[in-house]
Amino acid sequence: MSAGPIEFPRHIPFAQTLGFELWAFGGGKAEIRVPLAAGLLNSMHVAHGGVVMTLLDVVMAHAARSADIEAEGAAGSTVVTIEMKTSFMRPGHGVLRGVGELIHRSATLAFTEGRVFDSAGHLCAHATGTFKLVHSKGRVARPLANDPPHKEYTP
């Protein structure tokens with residue numbers, strides 16, 4: 001882990017708006033922290049669930065793509081969230097620390113796990129997520145030979 005925040009490999013305006021700071025990125029792992037400003041709290045003055053879920057989503061996505069970045073450089077693929085399951089254990093206070101880990105990766109999907117801890121080190125939330133790998137030119141990663149055919153989304 002670094003002695004301070006490092007630069008995100010890609011600009012993420014929403015994460016920047018929320019005050020997310022990248023602290024670790026590489027080897028299928030990532031750590032992101034966010035100080036809980038007043039605007040990120042719910043009516044009970046604890047971390048809003050949407051902030052916690054966004055932190056989990058972003059840290060798991062970074063864990064998923066960190067191995068790709070190491071192999072291909074910053075121009076490697078990115079990921080989009082396919083599904084995410086979150087469990088909340090306790091309210092979040094202070095600076096939240098999200099940690100994500102890549103569990104398994106195929107040619108087209110990445111399976112991840114994430115946790116959020118509060119300033120005291122208590123586990124606040126846990127999530128699993130599945131991400132689709134997308135090439136930097138906006139094309140979805142090539143499917144494996146045994147994947148069923150599908151239509152690609154074209155905006």
Side-chain angles (χ1 to χ4, degrees), residues 1-70 72-103 105 108-141 153-155:
M1 181 173 52
S2 66
I6 57 178
E7 190 174 329
F8 279 92
R10 289 205 171 132
H11 178 65
I12 308 167
F14 188 55
Q16 182 180 8
T17 298
L18 294 175
F20 286 9
E21 300 172 338
L22 183 64
W23 282 72
F25 179 70
K29 296 183 181 186
E31 180 178 328
I32 296 174
R33 298 180 190 179
V34 60
L36 286 176
L40 303 180
L41 305 177
N42 63 20
S43 61
M44 295 179 285
H45 306 287
V46 297
H48 189 283
V51 172
V52 174
M53 290 185 76
T54 300
L55 178 56
L56 286 162
D57 182 52
V58 174
V59 79
M60 289 189 299
H62 276 74
R65 63 186 299 261
S66 69
D68 194 43
I69 291 293
E70 290 172 347
E72 299 180 30
S77 4
T78 190
V79 297
V80 293
T81 310
I82 299 299
E83 68 79 34
M84 184 172 151
K85 193 261 188 216
T86 305
S87 298
F88 295 92
M89 282 74 163
R90 67 184 314 137
H93 299 276
V95 176
L96 297 184
R97 183 174 63 92
V99 293
E101 184 174 1
L102 176 64
I103 303 301
R105 184 168 157 178
T108 57
L109 297 175
F111 301 88
T112 63
E113 184 174 42
R115 290 177 172 80
V116 170
F117 300 91
D118 66 11
S119 290
H122 298 119
L123 179 64
C124 298
H126 173 267
T128 56
T130 307
F131 296 85
K132 181 79 169 175
L133 304 173
V134 180
H135 292 297
S136 60
K137 292 184 173 125
R139 293 172 293 154
V140 175
Y153 172 76
T154 0

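To the nearest 0.5 Å, the span separating CD on Glu83 from OG1 on Thr130 amounts to 3.5 Å. Annotation: the span from Arg90 atom CZ to Asp118 atom CG amounts to 6.0 Å, rounded to 0.5 Å. Separating the CZ atom in Arg65 from the CE atom in Met60 is a distance of 15.0 Å, to the nearest 0.5 Å. Atom CZ of residue Phe8 and atom NE2 of residue His62 lie 5.0 Å apart, to the nearest 0.5 angstrom. The distance from atom CD of Glu21 to atom CD1 of Ile32, rounded to the nearest 0.5 Å, is 10.5 Å. Once rounded to the nearest 0.5 Å, the distance linking CZ of Phe20 with CG of Leu55 reads 4.5 Å.
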Stepwise side-chain contact (heavy atoms from CB on, under 4.5 Å) check, Met89 with Cys124: CA-CA 5 Å; Met89 282 74 163; Cys124 298; 5.9 Å; no
Take Leu96 and Arg33 through the test side-chain contact (heavy atoms from CB on, under 4.5 Å) and record every step on the way to the result. CA-CA 6 Å; Leu96 297 184; Arg33 298 180 190 179; over 6 Å; no
Full working for side-chain contact (heavy atoms from CB on, under 4.5 Å) between Lys132 and Thr108: CA-CA 6 Å; Lys132 181 79 169 175; Thr108 57; 3.7 Å; yes
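Minimum interatomic distance between Val59 and Gly98 (heavy atoms only, all atoms of both residues): CG2-O, 3.4 Å. Here the shortest heavy-atom pairing between Ala127 and Thr86 reads CB-OG1, 3.8 Å. Here the closest non-hydrogen pair linking Leu102 and Ala110 is CD1-CB, 3.8 Å. For the residue pair Val34 and Leu18, the shortest heavy atom distance occurs at CG2-O, 3.3 Å. The two atoms that bring Leu36 and Gly92 nearest to each other are CD1-O, 3.6 Å, heavy atoms only. Scanning all heavy atoms of the two residues, the minimum distance from Leu40 to Pro35 falls at CD1-O, 3.8 Å.
When atom types are taken as modelled, the side chain of Thr112 and the backbone of Gly129 share a donor-acceptor pair closer than 3.5 angstrom.
Within the structure, side-chain hydrogen bond (donor to acceptor under 3.5 Å, both in side chains) contacts touching residues 34-55 (residues at least two apart or in different chains) do not occur.
With respect to the salt-bridge test (charged N to carboxylate O, under 4.0 angstrom), the residues Arg115 and Glu113 qualify.
Open room surrounds CD on Glu7; 12 or fewer heavy atoms of other groups in view lie less than 6.0 Å from it.
Take Thr81 and apply the side-chain contact (heavy atoms from CB on, under 4.5 Å) test, not counting sequence neighbours, and it matches Asp57, Met84, Phe131.
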